[in-house]
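Each chain gets a letter, A, B and so on, in the order the sequences are listed, and its residues count up from 1.
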Amino acid sequence: MNKIVEKEHFSEKVIRLVVEAPLIARARKPGHFVIVISDEKGERIPLTIADSDEKAGTITLIVQAVGESTISICAKEPGEFLHDVVGPLGRATSIENFGTVVCCGGGVGVAPLLPILKAMKAAGNKVVSILAARTKDLIILEDQVREHSDEVIIMTDDGSYGSKGLVTDGLETVLKREHVDMTCTIGPAVMMKFVSMLTKKYEVPTICSLNTIMVDGTGMCGACRVTVGGKMRFVCVDGPEFDAHQVDFDEMILRLKPFS
Amino acid sequence: MNTDTISPRDAQWREELRKSRTAKQRTSIPRVKMAELSPDYRITCNEEVNCGLGKDEAVAEASRCLDCPDPQCVTGCPVNINIPGFIKNIERGNFQEAALVLKETSALPAVCGRVCPQERQCESKCIYNKMKREPVAIGYLERFAADTERMSGKAAMPACRPGNGRKIAVVGSGPASLSFAGEMARRGYEVHVFEALHEVGGVLKYGIPEFRLPNEVVDVEIRDLSRMGVKFMTNCVVGKTLGYDDLVAQGFEGMFVASGAGLPRFMGIPGENLVGVMSSNEYLTRVNLMGAGSKGWATPVLRGKRVAVIGGGNTAMDSCRTARRMGAEEVYIVYRRSEAEMPARVEEVRHAKEEGVRFLTLFNPVEYPGDGNGRVRAMRLQRMELGEPDASGRRSPVPVDGDIREIEVDEVIVSVGVSPNPLIPNSVNGLEVTRRGTLVVDDDTLETTIPMVFAGGDIVRGGATVILAMGDGRKAASAMAEKLENN
């Protein structure tokens, strides 16, 4: 049982939870995720760790209420408990000084992107962050992202904030403008697919972080398998980050809807 | 054979019992048949199929045992249980002592009595086979003794030595770990079991279905270990949540790694990543561990109408029988060899057939055609025939040229084996692994290439049985304790 100590609404459906998990707070690195079970009879769902506080023994999770389990997590209040939290799982991001790094986050994908761009900045990179969402209300963590980026570009589908357009529009502007050494992208699968297609055109290496269906999250079930470079890979133990140019996004997108 | 047993063959009561009936009287008793739920009923629920023996049945079956001077059944048991010792206790009506004899060597007799392949182990060596008669039902009797003790509410706790304050870490909580933990607790060690999942029990919980091994049976064993002082920590992935160095820093003097054979294998054929194709691990974990299909549980599971299970092992049988219970109308087992080569227990194969599962033996899937929307629509099966024996001694299947047929299915469960979980080998420096990814251990002590780190079960064997895993736990405990006590 892990106690919720803080809760903040980013929007109607997106919340930030700070949860007691001292061992995870101590061991986690950017890129890691946890598996959460909300209640005794709940589902195991993967959530990327957005931040942690080792001293306080807490981790920060950003959750979008989209299904039964995430709705139940988002309904919890400080003082209440998540039934189980296990992690940190997956491989950590490999952080280096690449030069100029563009970080593209879509929707709640900005949450797992934040620790990566923070670490990229700390490693000496020039960090350009592009935050994209359907509309202004869904742009999250802007201040924290600004704090750790050299430049922030905001894109909204409806033009209600920043520039009107998709994440790829913002990204292409940067790619045309200057030399980019690395791109990181986290967001909906279809967004990462188009980011990947674009950076492939410009021959910029690109890392994506995949959020597939998982059951155990430790390599046991194979539900998270994806095809990367023609080979079967498990997101939970081989990922969650992969070379985006090698990922078969079309297959991954189909595999996200098994129960519909 | 274990010489320091509490029920030795030369005990006076055993000598008298042997003389109480002639061999002819004993051998003329027919082997007991265990009552089972009817196939029509059992596929509507998750209740245990085998009903166990009644007291009279058990005593009669126990009196069939001839109490041989050189009991071969014991050599057929991977942990050398004193089989005649517990059976003769049943015959004389001392069920409590029968259970104690079992507990001398087996941490989980109620589990083994249910899931061991007795027909290939103890029962295959029974003297009755030589007389062309059915062997003594050792497995049934083991289950009877363990169940009777459990249900009596007077379960005898094995004597534990006073605590010596020395801390031992156990990675995983499956059969190897539970057996190891019990052995070390008896010796007075402070045992901490770290489990990655949210439930203790490993494969006994996520893998083996309720209708074959009720969770309650496993929970009682775990409760007993807790009473002996064993501490369980769930949601803790050693190598991730806590590293090996953390455990050393916390004063753990020894570690036993039994993290299991986690990674499911796939065949690498076209269509295997279509929606509707999944590993047996995924399917069984959803249903057994996560409660999918039961009211009130959030985890979903695909309920196909026409389900194919690929493989011929016990996990394949568990999967196809689960699919029937999940409402599948047609369930196929697809196995590339013939039924004679199937690794599954004979009883599981029989039960699956009774439950209406159709066996497509000598067929191998070569492709899963999709429906155009990313879902599996059918399987294409290559007809096989048996060729020359391979390294395992089994005749290896070879394709029959041009004989391929297509069968419509909407769910495929791949149960063609597992690979060792790489989590521990990847996160502990200095652990040597084999080409297959299993941990390298000393054959006699089960110590790995890191001193005081021992390992057993499927992370060493790559895929074996509950009883072999338990045997490893026992062996490693005895070697670790000896090493610790001499240091």
Which atoms of [X] approach chain B - backbone, side chain, both or neither, heavy atom under 4.5 Å:
| X | answer |
| --- | --- |
| Arg225(A) | side chain |
| Ile213(A) | side chain |
| Ile253(A) | neither |
| Arg26(A) | side chain |

- Using non-hydrogen atoms only, which part of Val376(B) is less than 4.5 Å away from chain A: side chain, backbone, both, or neither?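 Contact with chain A is absent: no heavy atom of Val376(B) under 4.5 Å.
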Can a side-chain donor-acceptor contact be found between [Y] and [X] if the only test is distance below 3.5 angstrom?
| X | Y | value |
| --- | --- | --- |
| Asp216(A) | Thr285(B) | no |
| Asp39(A) | Ser72(A) | yes |
| Thr434(B) | Thr438(B) | yes |

- Item | Glu77(A) with Lys7(A): basic N within carboxylate O range, under 4.0 Å | yes
- Message: With chain A as the partner, which of Asn373(B), Asn281(B), Leu274(B), Leu289(B) has the greatest number of non-hydrogen pairs under 4.5 Å?
- Response: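 Top option by heavy-atom pairs under 4.5 Å: Asn281(B).
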- chain B contacts, top residue of Ile35(A), Ile24(A), Thr227(A), Thr218(A) (heavy-atom pairs, under 4.5 Å): Thr218(A)
- Message: With chain B as the partner, which of Arg44(A), Glu68(A), Glu40(A) has the greatest number of non-hydrogen pairs under 4.5 Å?
- Response: Arg44(A)
